[in-house]
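Report on one structure; see the data block that follows.
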Amino acid sequence: MHPGGAVLEGTAAVLGGKIRARTARVGIIGLGYVGLPLAVEFAKAGFDVVGVDLNESKTRKVREGESYIPDVPTAELSSLVEKGKLTATSDFSVIRDLDTINICVPTPLRKTKDPDMSYIVSASREIAQHFHPGMLVILESTTYPGTTDEVVLPLLTTEGLQVGRDFFLCFSPERVDPGNPRFQTRNIPKVVGGVTPACTEMGRLFYSQALETVVPVSSTQVAEMVKLLENTFRMINIGLVNELAVMCDRMGINVWEVIDAAATKPFGFMPFYPGPGLGGHCIPVDPFYLSWKSKQAGIEARFIELAGYINGQMPHFVVDKVQNVLNDAGKPVKGSHIHVMGVAYKRDIDDMRESPALDVMLLLERRGARLSYSDPYVPSIRVDGLNVEAAPETAAAEADCVVIITDHKAFDYAGLVERAKLIVDSRNALKGCASDKIVRL
Ligand SMILES: NC(=O)c1ccc[n+]([C@@H]2O[C@H](COP(=O)([O-])OP(=O)(O)OC[C@H]3O[C@@H](n4cnc5c(N)ncnc54)[C@H](O)[C@@H]3O)[C@@H](O)[C@H]2O)c1
């Protein structure tokens, strides 16, 4: 037993024994950026793991030992598949033979900015169809506080089965940071909260087999709120620093120098950086799960709404900068050729979800600009319904203006400064480089 945790008896003791012996059969539902690295960690820890995904091309690739997630090396995946420790399927009936299930399906927002629970509901219904006593189910998808108890638990509860005695249900927020070479699934501390103390203890026991640090909390709601606090904290601080960037621009102050100098304070300050707008599946989305839920509790999440508004203005701010730079050079944006460097939502990854590059390009296109882009990770994108293929970095030489949206390490920045006519740098990628061609955010 973990200090302060529950004693595992009966069904719990049996499942606990299988987890300790690593003979428990582990299932991961949703094999994306979160699910695939998690499946690999448990397979590496010696468990037999099966991934379940509706997307048959992903399950086929896993079975063939080919990774489609940059943080999961193909060599590592294929060796686990060859050893028979990891497989994947789109057939949910495998759940019948599983002891544990982690749900890692998407949780997007609807157009109205309300939570879209449909993926969690559909995965939970699939589990319910093949559910059996003695299972541990852990929801990992980011969601509003109350989801595990109010949405998942009723779907899994069948007559005669009691949570915490006959089966176990937890929430554990996923904190993976794609592209981060230092912190990955294994060494990012894992928070877990169960519906009952026995559920929490089962979740703690499970994760501690494969991950370095587990942090049990007293309930599923606390665990759900932890994730929303973390991402709301980032979103609001980015909003603050974006507003500061707009102020500094008006006052002729270099915001990047201000942040770097402030970051020398050894306590009480943490640097956040401005940019062309929020991107990715988490920071622009998750805080709205919290504001939606808090509205139901009668509280307006005013910080979230304000930061959402400021961050949403950043693509317009960048486009205005491009327009001003071109005007100063005697060229109207209409008809000008603008080359975008980097379109993924952040550095050194291939993920385009919610990328601000798409907003910037759409706005520029609507002002009549001709567009091209380079991104070593993204071979083609769709802007305003049209396919655009990536161009080589040298295409920057032909453009009237280059705008850096994503500061991939692989770009040849020295070459860019040499060949470009004008550069709007929204990421301070050209830090330390003095040239009249460069206009910083
Ligand atoms: N990507 C990140 O960096 C990150 C970080 C922390 C938390 N999260 C959260 O983790 C969750 C998953 O995110 P992701 O980035 O891995 O998403 P993803 O889109 O990369 O992967 C989700 C997978 O789930 C599959 N899927 C959808 N519905 C399904 C169903 N009913 N049954 C089986 N498979 C289904 C999809 O085909 C897809 O392969 C989200 O809630 C997200 O907010 C993501």
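Indexing begins at 1, ligand by ligand and atom by atom, following the structure's order.
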For atom [atom1] of [X], is the number of surrounding heavy atoms from other residues, nucleotides or ligands below 6.0 Å larger than 12?
X: R234; atom1: CZ; answer: no
X: E305; atom1: CD; answer: yes
X: Q296; atom1: CD; answer: yes

For R353, is the nearest heavy atom under 4.0 Å from an atom of ligand 1?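 So R353 counts as touching ligand 1.
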Closest protein heavy atom to [atom], given as residue, atom name and distance to 0.1 Å:
atom: atom 42 (C) of ligand 1; value: H281 CD2, 3.3 Å
atom: atom 16 (O) of ligand 1; value: V34 N, 2.9 Å
atom: atom 33 (C) of ligand 1; value: I29 CG2, 3.5 Å
atom: atom 36 (C) of ligand 1; value: D53 OD1, 3.4 Å
atom: atom 3 (O) of ligand 1; value: P178 CD, 3.2 Å
atom: atom 27 (C) of ligand 1; value: P106 CD, 3.5 Å
atom: atom 24 (O) of ligand 1; value: G30 CA, 3.3 Å
atom: atom 35 (C) of ligand 1; value: V105 CG1, 3.7 Å

Any idea which atoms of ligand 1 are less than 4.0 Å away from a heavy-atom of [X]?
X: N55; value: 37 (O)
X: V176; value: 3 (O), 5 (C)
X: F92; value: 32 (N), 33 (C)
X: K227; value: 6 (C), 7 (C)

When D48, T100, D99, D97 are each screened for side-chain hydrogen bond (donor to acceptor under 3.5 Å, both in side chains) with R25, the one that passes is D99
Does a side-chain N-to-carboxylate-O contact under 4.0 Å join [X] and [Y]?
X: D351; Y: K346; value: no
X: E140; Y: K190; value: yes
X: K61; Y: E64; value: no

So for ligand 1, is [X] a polar contact partner (N or O within less than 3.5 Å, distance only)?
X: Y33; answer: yes
X: T142; answer: yes
X: T107; answer: yes

Of the side chain and backbone of [X], name the one, both, or neither that has a heavy atom under 4.0 Å from an atom of ligand 1.
X: Y289; answer: neither
X: K58; answer: side chain
X: C104; answer: backbone

Do D116 and Y119 touch side chain to side chain, with heavy atoms closer than 4.5 Å?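 Answer yes - side chains close enough.
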request  = Would you check if there is a donor-acceptor pair between the side chains of N55 and Y68 at a distance under 3.5 Å?
outcome  =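 No, N55 and Y68 have no side-chain donor paired with an acceptor closer than 3.5 Å.
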- Message: I'd like to know if the side chain of E174 pairs up with that of T142 as donor and acceptor (distance under 3.5 Å, no hydrogens or angles considered).
- Response: no
Should the pair F206 and F42 be assigned to parallel (<30°), tilted (30 to 60°) or perpendicular (>60°) ring geometry?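 F206 vs F42 ring planes: parallel.
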- prompt: Which of parallel (below 30°), tilted (30 to 60°) and perpendicular (above 60°) describes Y273 and W256?
  reply: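 Parallel: the ring planes of Y273 and W256 meet at under 30°.
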Review point. Which of these, G179, S122, P173, S118, has its nearest heavy atom closest to atom 31 (N) of ligand 1?
Key: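 It is S122 that holds the nearest heavy atom.
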